[in-house]
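These numbers come from the heavy atoms of this one structure, side chains and all, not from hydrogens, waters or symmetry mates.
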Amino acid sequence: LWIPGLDHAGIATQNVVERQLKKEGLDRKAMGREAFLERVWAYVEEFGGIILQQKRRLGDSADWSRERFTLDDRYARVVQDVFVRLYDEGLIYRGDYLVNWDPDNMTAISDEEVDNVERDGHLWWIKYPLADGSGHVTIATTRPETMLADTAVAVHPEDERYASLVGQEVVLPLLGRRLPVIADDYVKPEFGAGALKVTPAHDKNDFEIGRRHGLDTITVIHPDATINDAGGPYAGLDRFEARERIVADLERQGLLEKVEDYRHSVPISSRSKTLIEPLISRQWFVRMKPLAERALAVVRDGTVTFHPARWQNEYFRWLEDIRDWTISRQLWWGHRIPVWYPTTEDGEVDETRDFVVSVDRPGEGYVQDEDVLDTWFSSWLWPFATLGWPEETDDLATFYPSAVLVSGYDILFFWIARMIMAGLHFTGEAPYRDVFVTGMIKDKHGRWMSKSLGNGIDPLDMIEQYGADAVRFSLNVLCTPGQDIKLDPAKFEMGRNFANKLWNAFNVFGRFLEEGRDVRRTRSFEELELVEQWILTRLNQTIEAVDEAAGRYRLNEVAAHLYDFAWRDYCDWYLELIKPAPGEAMDEETLALAVEVYERMVQLLHPLMPFITEALWHRLRPREAADALIVAEWPRPDAATTDAEAAERFRLLQELISAVRSIRSQYNVAPSKRIAAAFSVADADLARTVEARRGYVERLAGVGDLTVGEGLAKPDASAAVVVEGHEVFVPLAGMIDLDVERERLGKEIAQREGFLNGVEKKLANEQFVSRAPEAVVEKERQKAADARDELAKLRANLADLG
RNA sequence: GGGCUCUUAGCUCAGUUGGUUAGAGCGCUACGUUGACAUCGUAGAGGUCACUGGUUCGAAUCCAGUAGAGCCCACCA
């Protein structure tokens with residue numbers, strides 16, 4: 001069961017709508033929550049369906065009647081229900097902690113939504129005078145503006161340089177506040193001057209140090225990243241402006257010791273790309289450790305398997321070192337947090353009374369938490385929330401857990417891992433057995449597609465240009481597991497050409513199919529022509545190869561096997577041999593097998609090219625609409641229609657035919673010209689086999705006069721090619737150029753000699769003969785024997801030229 | 001700082017557990033169009049598999065290192 005649907009993409013969607021409003025001179029605060037949400041719903045209804053439309057056009061075989069949205073009433077109820085459950089279980093808590101604050105979106109975000117990027121910055125060395133006037137301590141910082149919130153200076157406990165200072169006080173420049181000098185292991189004596197300004201309210205590590213030492217926390221930055229009143233003279237300035245002013249002021253006062261260029265990593269909001277401001281803020285969190293333990297276990301014990309396996313390591317690494325999840329967002333578009341606060345008579349939140357965690361309003365006199373939940377807090381429930389959970393529905397019993405999750409690695413932590421955690425916690429079972437992690441599609445230069453670069457490729461455009469099947473097929477060919485795809489739209493030409501080829505191949509026999517007639521073969525496998533036995537054998541081999549590759553999620557191999565079978569085997573050889581001469585009809589029995597093989601081929605191709613194959617399927621035989629290919633049984637290989645020996649005989653014929661073609665090409669024999677040829681084959685039995693298929697040779701190599709026999713003499717003035725110990729002679733009276741022929745044979749001989757040399761060397765190596773498996777050694781011996789035989793023939797042919 | 005991936009034909013990429021004379025698509029060369037397909041056919045050119053060393057009878061494939069490209073994670077201000 002594949003349930004199609006969407007999450008509500010909280011921040012992204014709210015951003016888009018807010019930008020729209022801005023253009024209209026509106027803003028959400030002014031219009032109010034209700035009116036704003038109406039606007040968002042209108043937007044979602046207009047554009048939210050595009051992605052599903054793309055998927056439909058691509059032929060995704062989902063159950064479209066079950067389409068779901070994370071903000072559907074029922075789903076939303078489940079999300080809030082889960083919040084209450086986790087709270088009751090002690091896995092959700094509220095608290096004032098230092099969180100990643102996105103000043104653009106004015107919301108907290110989770111650690112996973114923060115990107116650390118290297119940026120060129122500076123390291124400012126600032127002198128903090130000692131309170132007793134006996135000197136100063138120098139600290140180094142990359143963020144001087146945060147000094148306004150300093151509440152201590154820390155040194156390493158074993159740093160002798162500063163041992164006497166611990167317990168003393170320094171004066172915070174600019175503001176004049178007195179700060180204690182404390183000792184903490186966290187400080188690295190070798191960094192900077194070895195002293196650290198401690199800013200518990202605006203730095204993660206300092207926050208920890210502050211807790212260890214019971215330091216005050218002073219917040220100087222507003223949620224909009226301007227300096228607040230605690231910043232004294234700098235109040236009201238933007239954080240970057242404040243930095244400049246502070247540095248300038250320090251310099252003026254002689255407290256700036258030096259400035260160094262310094263490249264370091266800074267936290268960026270993955271949404272707004274703005275610099276994250278660590279701020280202390282009251283948020284809701286999920287305790288992740290208990291959830292992570294089981295999620296680790298099911299992958300370790302093989303209950304859940306990653307393809308390719310290397311993603312398991314990433315998964316382990318994240319879960320083993322997991323931190324609590326900030327789930328509240330200061331947004332409006334999303335699931336409102338199901339927490340209610342008692343109000344006083346005048347409607348204000350009454351902080352003296354406890355809040356109530358409940359999906360429904362606990363009664364009069366309560367207001368709901370203003371915030372919404374992280375979008376992933378709803379999508380991590382997808383596998384079971386869409387099946388009716390928490391009720392024990394039939395759907396849940398039937399379809400949960402699922403077989404496979406297909407996803408890009410970009411949301412391994414956001415979604416894949418969290419779904420496993422939620423599944424285990426709420427249902428007791430992991431939501432799927434296999435995780436198929438795909439690469440990501442980049443532009444042709446390997447860059448992520450983005451609006452700002454304008455390098456996006458719209459699937460609907462591609463479908464318009466090349467066709468949905470072409471797009472699907474091409475993508476499958478390109479998708480080497482775990483590897484990103486550098487996508488050049490020109491690559492869809494391959495799929496388009498292939499779809500065209502399939503359609504034209506159908507025409508070869510399709511035009512002889514009468515409406516309403518079901519053509520079935522009556523001949524047994526033994527009665528079939530050699531090429532027919534061969535194509536059936538190849539078909540069965542292809543089915544096996546496809547099954548094997550699909551079982552390992554090697555979709556590129558599936559596509560390659562089918563491409564090869566359809567184009568090289570079916571079209572280039574089989575159809576070329578069975579198609580009737582112009583103006584003639586195809587006989588019933590030939591037609592029947594052509595249909596039979598094509599039908600299987602189309603079945604195998606269906607997952608990759610659902611549209612064209614479905615259309616062709618209904619042209620092959622009279623069928624009811626209900627007998628659609630999409631619900632047809634998957635083909636199985638059939639031993640009864642497999643004959644490896646027959647296939648091998650046909651393969652030899654292919655080689656002989658190719659040899660004639662090659663000679664024709666070298667001597668520029670006009671394609672329309674019929675020529676004579678002689679095949680000198682190894683034994684009488686084979687001679688008879690080949691003899692019986694002279695028609696193949698005539699048709700595909702333009703040989704009108706074929707002589708087949710054992711050990712035939714080379715006709716005068718003929719070109720000769722050795723094919724696996726057999727010889728092909730093409731008399732070229734008046735056309736043969738002896739010099740050209742000598743050169744060609746000479747090159748051929750040299751190449752063979754080189755090859756034989758290598759093989760003989762190997763065989764002369766006793767180590768090889770004694771250590772390599774017998775089969776491998778035997779194979780080499782055979783190669784050597786064949787090469788010697790071929791060389792003898794080639795040399796004889798060369799000598800014959802005189 | 002740790003981890004991962006990639007480097008194979010002019011271009012974009014395949015290459016299953018080490019055992020072929022290393023493949024495909026595009027591009028290129030020659031020839032070909034009075035009914036399957038020029039979105040095509042036939043034949044062909046084109047590669048010291050990044051480099052160095054090691055393991056092995058045998059390495060594009062396994063190991064180590066080097067160089068280049070990219071990604072993920074991490075609290076050194």
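Pairing for A43(B) is with U29(B), a Watson-Crick or G-U wobble pair whose two hydrogen-bonding atom distances lie under 3.5 Å. In a base pair of the Watson-Crick type (N1 to N3 plus N6-O4 or O6-N4) or a G-U wobble (N1-O2 and O6-N3), with each distance short of 3.5 Å, A64(B) is matched with U52(B). The base-pairing partner of C75(B), taking Watson-Crick or G-U wobble contacts with both distances under 3.5 Å, does not exist among the strands shown. Pairing for A14(B) is absent, judged as Watson-Crick or G-U wobble with the two contacts each under 3.5 Å. Across all strands shown, A59(B) remains unpaired; no Watson-Crick or G-U wobble contact has both distances below 3.5 Å.
In this structure, a donor-acceptor pair under 3.5 Å is present between the side chains of Glu257(A) and Thr138(A). Judged purely by distance below 3.5 Å, without hydrogens or angles, the side chains of Asn476(A) and Asn556(A) never pair a donor atom with an acceptor atom. With hydrogens and angles left out, the side-chain atoms of Glu655(A) and Ser658(A) include no donor and acceptor closer than 3.5 Å. Residues Asn757(A) and Glu753(A) bring no donor and acceptor atom of their side chains to less than 3.5 Å of each other.
Across G23(B) and A43(B), the matching P atoms stand 16 Å from one another, rounded to whole Å. Using atom C1' as the reference point in both A9(B) and A14(B), the two lie 13 Å apart (nearest Å). Look at the P atom in both A50(B) and C13(B): the space between them is 15 Å, to the nearest Å. Comparing the same atom, C1', in A59(B) and in G19(B) gives a spacing of 10 Å after rounding to whole Å. Taking the P atoms as reference points, U34(B) lies 48 Å from A60(B), given to the whole Å. C71(B) and G65(B) have their C1' atoms separated by 22 Å, given to the nearest Å. Annotation: C63(B) and U7(B) have their P atoms spaced 14 Å apart (nearest Å). Across the P atoms, U16(B) and U61(B) are found 11 Å apart, a figure rounded to whole Å.
Distances shown here put a side-chain N or O of Lys579(A) below 4.0 Å from the OP1 or OP2 atom of A36(B). A close approach under 4.0 Å does not occur between any side-chain nitrogen or oxygen of Ser665(A) and OP1 or OP2 of A30(B). In this model, the phosphate group of C40(B) is approached by a side-chain N or O of Asn497(A) to a distance below 4.0 Å at OP1 or OP2. Using a 4.0 Å cut-off, some side-chain N or O of Lys783(A) falls inside it from OP1 or OP2 of U21(B). Checking the phosphate oxygens (OP1, OP2) of C4(B), no side-chain nitrogen or oxygen of Tyr409(A) falls inside 4.0 Å. Here Ser662(A) reaches the OP1 or OP2 of G44(B): one of its side-chain N or O atoms lies under 4.0 Å away.
Two residues, Pro189(A) and Arg310(A), neighbour RNA chain B, and the one matched to the more 5' nucleotide by heavy-atom proximity is Arg310(A). When each of Ala505(A) and Thr480(A) is assigned the nucleotide of RNA chain B bearing its nearest heavy atom, the one mapping closer to the 5' terminus is Thr480(A).
Backbone-only engagement by Tyr262(A) is indicated by non-hydrogen atom pairs under 4.0 Å involving sugar-phosphate atoms exclusively. Residue-level contact check: Gln751(A) touches the bases, meaning some heavy atom is under 4.0 Å from a base atom. When heavy atoms are screened at a 4.0 angstrom cut-off, Ser658(A) is found touching the sugar-phosphate backbone but no base atom. Among the protein residues, Asp572(A) comes within range of the sugar-phosphate backbone only, with heavy atoms under 4.0 Å from sugar or phosphate atoms but none that close to a base. Residue contacts for Arg511(A): at a heavy-atom cut-off of 4.0 Å it reaches a base atom on one of the strands shown. Contacts of Arg664(A) with the nucleic acid, taken as non-hydrogen atoms under 4.0 Å apart, are absent. Using a 4.0 Å heavy-atom cutoff across all strands shown, Val187(A) reaches at least one base atom of the nucleic acid.
The listed nucleotides are G19(B), A77(B), C13(B); the one nearest the side chain of Lys486(A) is C13(B). Here C75(B) is the nucleotide among C75(B), G41(B), C76(B) with the atom lying nearest to any side-chain atom of Arg323(A). Closest to the side chain of Leu196(A), from the set A77(B), U20(B), U16(B), is A77(B). Taking every side-chain heavy atom of Val776(A) into account, G19(B) is the closest of G15(B), A77(B), G19(B). For Thr141(A), whose side chain is taken as the heavy atoms from C-beta onward, the closest listed nucleotide among G41(B), A36(B), A77(B) is A77(B). Across A43(B), G19(B), C37(B), the shortest atom-to-atom separation from the side chain of Asn500(A) is found for C37(B). With G35(B), A77(B), C40(B) as the candidates, the nucleotide lying closest to the side chain of Phe191(A) is A77(B). Taking only side-chain atoms of Trp567(A), from C-beta outward, the nucleotide of A14(B), C72(B), C40(B) with the closest atom is C40(B). Closest to the Tyr563(A) side chain, of the nucleotides G25(B), A36(B), C40(B), is G25(B). Closest approach to the Arg568(A) side chain among C72(B), U21(B), G25(B) is made by G25(B) (side chain taken as heavy atoms from C-beta onward).
Although no hydrogens or angles enter the test, the distance criterion places a donor-acceptor pair under 3.5 Å between the side chain of Arg664(A) and the main chain of Lys673(A). Between the Asp150(A) side chain and the Ala152(A) main chain, no donor and acceptor come within less than 3.5 Å of each other.
Atom CD in Glu743(A) sits about 13 Å away from atom P in A45(B), given to the nearest Å. The distance between atom NZ of Lys442(A) and atom P of C71(B), rounded to the nearest whole Å, is 7 Å. Straight-line distance from the CZ atom of Arg317(A) to the C1' atom of G2(B): 9 Å, rounded to whole Å. Spacing between atom CG of Asp111(A) and atom P of C75(B) amounts to 8 Å, rounded to whole angstrom units. Atom NZ of Lys762(A) is separated from atom P of G19(B) by 10 Å (rounded to the nearest Å). Between Tyr570(A) atom OH and C37(B) atom C1' there is a gap of 14 Å when expressed in whole angstrom units. For the pair Asn556(A) CG and C13(B) P, the interatomic distance rounds to 13 Å; values are reported in whole Å. At whole-Å resolution of the value, CZ in Phe498(A) and P in C40(B) are 12 Å apart.
Judged by a 6.0 Å distance limit and a 45° cone about the ring axis, Arg661(A) is positioned over the six-membered ring of Trp573(A). Relative to the ring axis of Trp325(A), Arg418(A) places its NZ or CZ within 45° and under 6.0 Å from the centre.
Below the 3.5 angstrom threshold, one finds no donor paired with an acceptor across the side chain of Lys204(A) and the base of C75(B). The base of A36(B) lies close enough to the side chain of Glu576(A) for a donor and an acceptor atom to sit less than 3.5 Å apart.
Comment: Lys204(A) does not engage Glu208(A) in a salt bridge, judged by the lack of any side-chain N to carboxylate O separation of less than 4.0 angstrom.
For Tyr553(A) and His307(A), the distance between ring centers is under 6.0 angstrom.
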